[in-house]
Structures are given as structure tokens and as C-alpha cells.
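We use all heavy atoms of the structure for the numbers below, so side chains are in, but hydrogens, waters and symmetry mates are not.
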Amino acid sequence: MTIAMSPAHARPRQPRKAPWTMVLGAFFCACLLLATPAGADCVLGPADEIAALERVQDGDTLLLGDGRSVRLIGVNAPELGRNSHPAEPLARQAQEFAERFLGDGGVELVYDRDRRDRYGRVLAHVYNHRGESLEAALLAAGLAFHVAIAPNLSLAECLSERQAEARRAGRGIWAPGVWPVLRAREVHPGDGGFVLLRGRVSEVDLNRFLWLELDGPVAVRIRRSSENGQLIRREWQGRQIEVKGWLVDRGAQYISRFPQNKRWFIAVDSEFTIEISRN
């Protein structure tokens, strides 16, 4: 285990309160979870590293005292406003929750299979000084979505269960009217980024991937792997589905070259990312 504590580090700044008055009640309920063992499970193993925390950049990204940026594995929290883009619902609350949960002590990092993302950030499961999982706590509070991205799937089942608890209770992003659901048939130029998307499967194609073409300009691309064997064999035709992930726009030029394909797609690495829709 590596000890990387700096002698002094800045106390996280207290951000301004966000004007999400309609969801403040859900936020305060979420804060109460700090006194519960909501993050005491979803533990992969002993810490690979203990590091000083400089600040919480947002709900799923931390800046360490040595300058490294850490992206939490398994969760996607609402984005803070940047570059003229408004903050997503509950973004500030997710950041404040993470600050309170981690406190002023060091953070414990546990690595999975991939240790860096394409932006050079460290990928890790993050725990506070009590050994409680920040990812599990965010999901149980309804302040993040569970995202399962291969090959870092070691805690996918446990994290999915924490999200399911929040959804059943209608906490945070799962409260009625808080987070918008995008319909596949309503996707248009300009749409992209992380979405909660619903649509009906109109066609199924199998090549290097399983492609679920939806009732709109969107396809879902499922990775063919041993972990996804059940997804590959499932009967998808005509089913209403819900998927969480990043909506990728391949652009008008792509469609002009391949008019038989869908312009947008969402990549799925795990069964925990896609399900038959309840709505």
C-alpha cells in the first residue's frame, strides 16, 4: 500500500447553494444517509493507496493533493455548469454530498483492471477514512447513476443494487420530474452526452456487436463477451428498453455514407446498463 499524504492541503471550498428548491427535500434526506451504513458494502479489497484530497471537483471526480485527477468507477454524477452550459439537476448537491462524505481525511483508492481513462485520469473505487464506499453512498442517495464500463466491472452488481434501492424509494434523480428521460424517437441534432434513454427495439442485427435499432435515429451497441452472453441471447425484438450511457452522434456525413445505419448510438458493456423498460 502506498502512502501519499501531503503535509497540508486546502480545505474544500463551500460552493454556493444551487436553486433546485423543488428537490432540496430529497437532498436533505440524502444527507441523512451519511449516518447509515449505505456505503459500508461494495468493498473490493484493501486500499491500494491512501492519498490526500485537495478538493471534490464534482460528484464523481476528485483532485488529489499531488495533482492527480480521480474518476470514480461505476458512477456518473450530474454535471456542474461549465462553458455556458447550465448545471444538471442535483449536480451541486452531489458535489456537496461527496465533500461531506469524504471529510478532511485521506481517501482510500482501490484499483480495478484499468487504472486510467482516455483523459489520463486515475480510475478507482473511492472510500473515506472509515472504509465506506463513496460510489455506493452516492447511488443510494440518488445523486448519481450507476454506469458499468468494461473491464472495471468488479463491483457492478453491488453498485447496481444501491441504485435500485434509491430508485424504488424515489430519491434524488429518481424523484418524479427531476431527471429528464430522453425518448429515442425524439433525438435530434445537438443531442449527446450522458442520457437516460427509452425506446422500442425495431430491428436486431448481430455482427461484431449486437445492435438494437430503436424507433428513432438511435441504436444500442452491445459488446459481445462472456459477461454479456445473456444479453446476446435475449429476445429484444419489439421490446421497450431503457439504457443509461453516453449518446454518440456520428454526424450527418456518416449517415450520407451509410444511410442504412443509425446516426446516434449508445455503447453497452454490461447487463447492468440496459433493461426492459417499466414505462
Pair listing, salt bridge (Lys or Arg N to Asp or Glu O under 4.0 Å) test, anchored in residues 250-265, at least two apart | Asp249-Arg263
Report yes or no: does Trp264 contribute a side-chain atom to a donor-acceptor pair with the main-chain N or O of Asp191 at less than 3.5 Å?
-> yes
Assess the side chains of Glu227 and Ser225: does a donor N or O sit below 3.5 Å from an acceptor N or O?
-> yes
Distance (rounded to the nearest 0.5 Å) between Leu197 CG and Leu182 CG = 5.0 Å
Answer with yes or no after comparing the ring centroid distance for Trp174 and Phe145 against a 6.0 Å cut-off, counting only values under it.
-> yes
Does Phe272 belong to the same Ile/Leu/Val/Met/Phe/Trp/Tyr cluster as Leu159, with side-chain heavy atoms less than 4.5 Å apart forming each link?
-> no
Heavy-atom closest pair, residues Pro217 and Ala184 = CD-O, 3.4 Å
salt_bridge(Asp269, Arg223) N-O dist < 4.0 Å = yes
For the pair Trp211 and Phe209, name the ring-plane relationship: parallel under 30°, tilted 30 to 60°, perpendicular over 60°.
-> perpendicular
Would you confirm whether Arg168, through its side chain, and Gln163, through its main-chain N or O, come within 3.5 Å as a donor-acceptor pair?
-> no
Asn128 side-chain N/O to Gly131 backbone N/O, donor-acceptor pair under 3.5 Å | yes
Parallel, tilted or perpendicular: which fits the ring planes of Trp179 and Phe194, with parallel below 30° and perpendicular above 60°?
-> perpendicular
How long is the gap from CG on Leu72 to NE2 on His125, to the nearest 0.5 Å?
-> 9.5 Å
Using the side-chain hydrogen bond (donor to acceptor under 3.5 Å, both in side chains) rule, take Arg71 and Asn76 through it: C-alpha gap first, then chi angles, then the decisive distance, then the call.
-> CA-CA 9 Å; Arg71 179 65 164 81; Asn76 187 65; 3.0 Å; yes
Report the distance from atom CG of Leu212 to atom CD1 of Ile274, rounding to the nearest 0.5 Å.
-> 5.5 Å
For the pair Glu275 and Arg239, find out whether any cationic side-chain nitrogen is under 4.0 Å from an anionic carboxylate oxygen.
-> no
Would you say the side-chain atoms of Glu88 pair up with the backbone N or O of Glu79, donor to acceptor, closer than 3.5 Å?
-> yes
Are the charged groups of Asp41 and Arg162 less than 4.0 angstrom apart, N to O?
-> yes
Check Ser69 against Gln57 and note the closest heavy-atom contact, atom names and distance.
-> OG-OE1, 3.5 Å
Could you tell me whether the side chain of Ser160 and the main chain of Glu157 form a donor-acceptor pair under 3.5 Å?
-> no
Expected output: side-chain Gln93 to main-chain Gln95 donor-acceptor under 3.5 Å = no
Looking at side-chain heavy atoms only, is the closest gap between Glu108 and Asp48 below 4.5 Å?
-> no
Locate the shortest heavy-atom distance separating Leu90 from Ile173; write the atom from each residue and the value.
-> CD1-N, 3.4 Å
May I ask you to decide if Asp114's main-chain N or O and Asn152's side chain share a donor-acceptor pair within less than 3.5 Å?
-> yes
Linking I/L/V/M/F/W/Y whenever their side-chain heavy atoms sit closer than 4.5 Å, directly or via other members, would Ile276 and Ile222 fall into one cluster?
-> yes
Identify the two heavy atoms, one from Pro78 and one from Ala94, that lie closest to each other, and give their separation to 0.1 Å.
-> CD-CB, 4.3 Å
Give a yes or no answer on whether the side chain of Ser270 reaches the backbone of Thr273 with a donor-acceptor pair at less than 3.5 Å.
-> no
Criterion side chain to side chain contact (heavy atoms under 4.5 Å, CB included) against Leu62, the qualifying member of Val122, Leu109, Leu102 | Leu102
Classify the side-chain pair Tyr111/Glu49 by whether it contains a donor and acceptor separated by less than 3.5 Å.
-> yes
Determine, for Arg82 against Asp58, whether the closest basic-nitrogen to carboxylate-oxygen distance falls under 4.0 angstrom.
-> yes
Nearest-0.5 Å distance, CG of residue Leu139 to CZ of residue Arg171 | 11.5 Å
Under 3.5 Å: donor-acceptor pair, side chain of Glu165, backbone of Ala140 | no
Working to the nearest 0.5 Å, report the span between CG of Leu155 and CG of Asp112.
-> 6.5 Å
